[in-house]
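Here is the naming used below: chain letters follow the sequence lines, and residue numbers restart at 1 for every chain.
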4 protein chains.
Amino acid sequence: MTADQDNHGPAGRPRSEEARQAVLNAVDDLLVEIGYAAMTMKNIAERAQVSRQTVYRWWSTKAEILFEACAEDATDELAIVPSGVTVTDIAAYLSALIEFLSRSPSGIAYRALVGEAQHSKEVAALLATSDILLNSAIEVLEGLTDSSRRTASPETAARLIAPVFYWIFSGKDPKALVATALADIFVNECPAA
Amino acid sequence: MTADQDNHGPAGRPRSEEARQAVLNAVDDLLVEIGYAAMTMKNIAERAQVSRQTVYRWWSTKAEILFEACAEDATDELAIVPSGVTVTDIAAYLSALIEFLSRSPSGIAYRALVGEAQHSKEVAALLATSDILLNSAIEVLEGLTDSSRRTASPETAARLIAPVFYWIFSGKDPKALVATALADIFVNECPAA
Amino acid sequence: MTADQDNHGPAGRPRSEEARQAVLNAVDDLLVEIGYAAMTMKNIAERAQVSRQTVYRWWSTKAEILFEACAEDATDELAIVPSGVTVTDIAAYLSALIEFLSRSPSGIAYRALVGEAQHSKEVAALLATSDILLNSAIEVLEGLTDSSRRTASPETAARLIAPVFYWIFSGKDPKALVATALADIFVNECPAA
Amino acid sequence: MTADQDNHGPAGRPRSEEARQAVLNAVDDLLVEIGYAAMTMKNIAERAQVSRQTVYRWWSTKAEILFEACAEDATDELAIVPSGVTVTDIAAYLSALIEFLSRSPSGIAYRALVGEAQHSKEVAALLATSDILLNSAIEVLEGLTDSSRRTASPETAARLIAPVFYWIFSGKDPKALVATALADIFVNECPAA
DNA sequence: GGCTAATCGAGACGGTACGTCACGTCTTACT
DNA sequence: AGTAAGACGTGACGTACCGTCTCGATTAGCC
């Protein structure tokens, strides 16, 4: 009779992990199929085969669900395998970033959330809890082998992200961007070359 | 069949310019007072003291009204008086841009529209008809006295805008941005100077 | 151009009489088919092929609709053709009253409303606007040829109604009531006989 | 055949009498505080500090609980102490009946139940198991000293109850009723006296 | 003292009606 | 033909209660 283990879980029926996953999957699917604007709490619930009340019990808005659904995917998609060569790594990261923001379901979700955040304090606060993009860039910078010279500061990371971010969020064709942005970066990063 | 009047305008009562202005003003006011999300076609009509039908007759969505309402204001607010000194002009422009996007009613409207455009083809198409930001930057570049060296290309203009755009749309504090962004620009633009 | 006829109706689209009748009919039908308890604003609207909003626009509760639907029917069903013979008229009225309360759709609606009124101030107030039963009895009394002797007072009318009312509302078999109630009345009315 | 103890109660934890009383009390309180319509199985459980499941285990509907809660109270409140004088006893009973139906919590509960019974077979069946009012009247009649003349029949009892029942259930002011009803009864009951 | 079995509390579950809101369309009469 | 007014069908909103279902914990009688 060990004393240290009357770790009573909370009373009552435990939350259904099945329902939670069903909702997160439903949100992912619906985003691709009908888009963010057409998503409603109602059709999320129906798609997940879950009651509307259950959705509201755990999330207040579709933005919250979307954020929970896409946060971890984003981290994976924006990570790169360091090659040891700075230029290669940065190019790979920028490609991944462009791909993420313009094609990936998670990235599209992220864009929708950033869009909402422009006119919603709640969504803005939600996104502020974890700066997915900036963190991914910082991580890449920290993996560079010649990082002795450059500290992986948020400012540097921002310099990496800004052009891609601007082009995509302002609705420009990301294909045309690749060359320009990369050139831009490399000119700035290696002025003496 | 009177002679001097075959200037057949369309038959019937002409469009009420009064109603048009009332709607545009109402949209401006409401954006400040209740925000973009809470704006509806219904309360726009009520605020403008105009019938709902009249609003729908001339605009399809609140985004359209907002775009019409803020487009010209934006042009004014983002214009600068050339000083003849490149650094001064660019600094002035960036200040105006930051002010516009983070404080001005028109700028807040613009941010809301760009936000919507992330998940709405229609709004995206609307914004694509006139790239307000890029045009303003190009105009500034063209006004520079040493523009002989630098062509006022969209790429250069984008380089000017991107950092500000990214910081503000990603929800970062624009105050912290000023120093960083300006420093960034000037280092890049005039490395050899 | 006659001066006295610019009797402007109220502005806007006029109320749809079609919708109104559809709702009243739907309520009548549903009461018989599924009963008062199972009736909801939702299925009333669906049955009437009318939007839920339209139902709410004109009535607050199902009790209100029911009252409007049954009030006039009740008046018809509780009227009798005077025969000139007091005993005959009263017997006819009591039969009609029993039939109304125990079989007629309108009467069943009326019973449901009186039931609700026991625990709802609103419904009680609604019923108080017009005492359907008492009025019908008074009218019968006023039609009697020997009414010179008896004034058609509410008290007398109540004495007529009370036994039937009690038997039916307390759930007793109305068939067994007929003889008893009539005997009761006639003994009371004609003590000297 | 063991003598004194093959009274095997069912295995398992016995029903909590405490919980039963808490529910009945909660129903009484809630009826007075928020009324019948606003009472729900949910807030009954909360008020009784009992789980919802426990309520459902022993009662199906709030009507069942209410009936159990008010039945015995009613019997007490409608009993009178026989005085030996017929007129006095009947007057006392009618006063008690009026008081019960128009003021007493149990009586209000009873009215609510009779109300529900108008459109609910289940509640009607519940009330049919014991005709609280009629029984109370019969008991009074049986206690009369001159009952040699009048058999205490249900019909006579009904004649006593009907006017009060009608006046109160049809929403009329019970104060105005007292004089009328009593006069009515006494004229009818003792015409020759 | 363990076993069995029904109770208790808590609280999540799918379901459904609630009453409100805005949508975009329509039907009036007026200008 | 444009306009204000306002009713219409549609459908999502967020809330409430329904009755059911897990859970762990409790409380009896029986072996």
Closest non-hydrogen contact found for V27(D) with L66(D) is CG1-CD1, 3.0 Å
Name the residue closer to the 5' end of DNA chain E, choosing between T40(B) and T40(C) according to the nucleotide with the nearest heavy atom.
T40(C)
At their closest point, which heavy atom of A26(D) faces which heavy atom of I44(D), and how far apart are they?
CB-O, 3.9 Å
Quick check: closest heavy atoms across E64(B) and W58(B), and the distance to 0.1 Å?
OE1-O, 4.4 Å
From the list dC23(F), dC18(F), dC8(F), which nucleotide is the closest neighbour of the side chain of M41(D)?
dC18(F)
Per nearest nucleotide of DNA chain E, the residue lying toward the 5' end, G12(A) or Q53(A), is G12(A)
First encountered from the 5' end of DNA chain F, between A19(C) and A38(D):
A19(C)
Can you name the one residue among D28(D), T54(D), V50(D) that meets side-chain contact (heavy atoms from CB on, under 4.5 Å) with V23(D)?
V50(D)
Rounding to a whole Å, what distance do you find between R52(A):CZ and dC18(F):C1'?
15 Å
E46(D) CD to dG9(E) P, straight-line distance once rounded to whole Å:
13 Å
Quickly work out the K42(A) NZ to dG15(E) C1' distance and round it to whole Å.
13 Å
What pair of heavy atoms forms the shortest contact from D73(D) to S106(D), and how long is it?
CB-OG, 3.0 Å
To the nearest Å, how far apart are R13(C) CZ and dC30(E) P?
18 Å
Short side-chain N/O contact to dG9(F) OP1/OP2 from T54(C), under 4.0 Å
yes
State, to 0.1 Å, how close L31(D) and A109(D) come at their nearest heavy-atom pair, and which atoms those are.
CD2-CB, 3.4 Å
Is K62(C) salt-bridged to E116(C), going by a charged N under 4.0 Å from an acidic O?
no
Going by number, which of residues 55-67 of chain D have a non-hydrogen atom under 4.0 Å from DNA chain E?
R57(D), W58(D)
For E18(C) and dT27(E), give me the distance from atom CD to atom P, rounded to whole Å.
12 Å
Nearest whole angstrom, please: distance from the P of dA16(F) to the CG of N43(D).
12 Å
What is the distance, rounded to the nearest whole Å, between atom CD1 of I34(C) and atom C1' of dA17(E)?
13 Å
Rounded interatomic separation in angstrom, taking CD from E17(B) and C1' from dG2(F)
14 Å
